[in-house]
2 protein chains.
Amino acid sequence: MKYCSISEAAAKFHIPESTLRYYEKKGLLPLIERDAAGRRLYSENQLSLLGTVICLKNTHMPISQIKQYIDWILQGDSTIERRLAMMKQHKQAVLAEISLMTESLQGIDFKINRYTNHQSKGELGQS
Amino acid sequence: MKYCSISEAAAKFHIPESTLRYYEKKGLLPLIERDAAGRRLYSENQLSLLGTVICLKNTHMPISQIKQYIDWILQGDSTIERRLAMMKQHKQAVLAEISLMTESLQGIDFKINRYTNHQSKGELGQS
DNA sequence: TGTTGACTTAAACCTTGGTTTAAGTTGTAT
DNA sequence: ATACAACTTAAACCAAGGTTTAAGTCAACA
């Protein structure tokens, strides 16, 4: 198995090293090994786990909930049902958020149109 | 013109009254009138402006930038170009965020599939 | 008339999600 | 041997976005 340093892991995912240390302290990246000098070593599996953490973060899952998910992974197969339920519920939350954003985007497009086509006045000038 | 109270405005948009006061203090809802007793009165125009603020908030525009936008509205037609540019740029940011979420959703779907179909182990158990 | 209920204010408080700092250790190149 | 770069830690710090608190005002109802 190949290991990489914290600077390499940070570069791979385009995040600061400080964030990696922070996630580890929060329990999102457990069981990180160290070399003889105490420096972190990230295995392929841990980089893959980090990818998962970032995926959940990108979809706005709070850190406390990501930690719960990671804890369930650590507990093994007996938690698969709970993990599945969490992912299904999170998916619905993400779809709802995407819908809200998409809908709100129409309001923005409407403004772009007004400003572009009609040089109309805004809320305060509409008489 | 019809006016409504803070509790009615809060109910219409499903947000706490405290948030309405907070937005006003931050400059997102300027020129709110008061009755003889000092209570806020929201006009149709201001409810419409509040709708705009919430639309921008739903798409994750920071309060400082919403304030800039509102300030430009207050300054009148001379700022229409700037408002248009801001909305166009914001639209791109929103599209990028929706893309990222949609992409990350695939990672979540992948997990849902693994947990549903294969009872497979996660990152730490994949040997 | 007095006591609710809906409002007002300023200021203090809170959570989230990191980032920065200060001080120390280690490995490698000169 | 020494200096530099890459790491380590705990703790302090920060910004964003509200929420809560405490103390007060006012209108209407019993």
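Note that these values count all heavy atoms, side chains included, but never hydrogens, waters or copies made by symmetry. Residue numbering restarts at 1 for every chain, and letters A, B, ... go by the order of the sequence lines.
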Inset, instruction - Looking at every strand, decide which applies to B:Ser7 at a 4.0 Å heavy-atom threshold: base, sugar-phosphate, or nothing. - result: sugar-phosphate
Inset, instruction - Mind calculating the distance between CD (A:Glu8) and C1' (D:dA6) to the nearest angstrom? - result: 12 Å
Legend entry - Integer-rounded Å distance: D:dT19 C1' and B:Ile63 CD1: 13 Å
Legend entry - Under 3.5 Å donor-acceptor, B:Ser104 side chain and B:Leu100 backbone: yes
Legend entry - Interatomic distance, A:Leu41 CG vs D:dA6 C1' [rounded to whole Å]: 13 Å
Legend entry - A:Glu8 and A:Lys12 ion-paired at < 4.0 Å: no
Legend entry - A:Arg40 side chain near D:dT8 phosphate (N/O to OP1/OP2, under 4.0 Å): yes
Legend entry - The single option from A:Gln68, A:Lys67, A:Gln75 passing side chain to side chain donor-acceptor pair (under 3.5 Å) against A:Asp71: A:Lys67
Legend entry - Minimum side-chain heavy-atom gap A:Val53-A:Tyr69 below 4.5 Å: no
Inset, instruction - Using heavy atoms to find the nearest nucleotide of DNA chain D for B:His60 and B:Ala36 separately, return the residue whose nucleotide is more 5′. - result: B:His60
Legend entry - Note, A:Arg21 side chain near A:Arg40 side chain (heavy atom, < 4.5 Å): yes
Legend entry - Between D:dA5 (P) and A:Ile6 (CD1): distance, integer Å: 19 Å
Legend entry - Protein-nucleotide distance (A:Ile32, atom CD1; D:dC7, atom P), rounded to Å: 14 Å
Inset, instruction - Report the C-alpha separation of B:Leu20 and B:Tyr42 in whole Å, then their side-chain angles, then the decisive distance to 0.1 Å, and conclude whether the side-chain contact (heavy atoms from CB on, under 4.5 Å) test is met. - result: CA-CA 11 Å; B:Leu20 283 172; B:Tyr42 294 82; 3.8 Å; yes
Inset, instruction - Could you tell me whether the side chain of A:Ser48 and the main chain of A:Glu44 form a donor-acceptor pair under 3.5 Å? - result: no
Inset, instruction - Measure from the side-chain N and O atoms of A:Gln65 to the backbone N and O of A:Leu56, and report whether any donor-acceptor pair falls under 3.5 Å. - result: no
Inset, instruction - Extract, from 5' to 3' on DNA chain C, the first and final nucleotides lying under 4.0 angstrom from some heavy atom of chain B. - result: C:dC7 to C:dT9
Legend entry - Residues within residues 10-28 of chain B bordering DNA chain C, heavy-atom distance below 4.0 Å: B:Glu17, B:Arg21
Legend entry - Side-chain heavy-atom pair B:Ile6, B:Arg39 within 4.5 angstrom cut-off: no
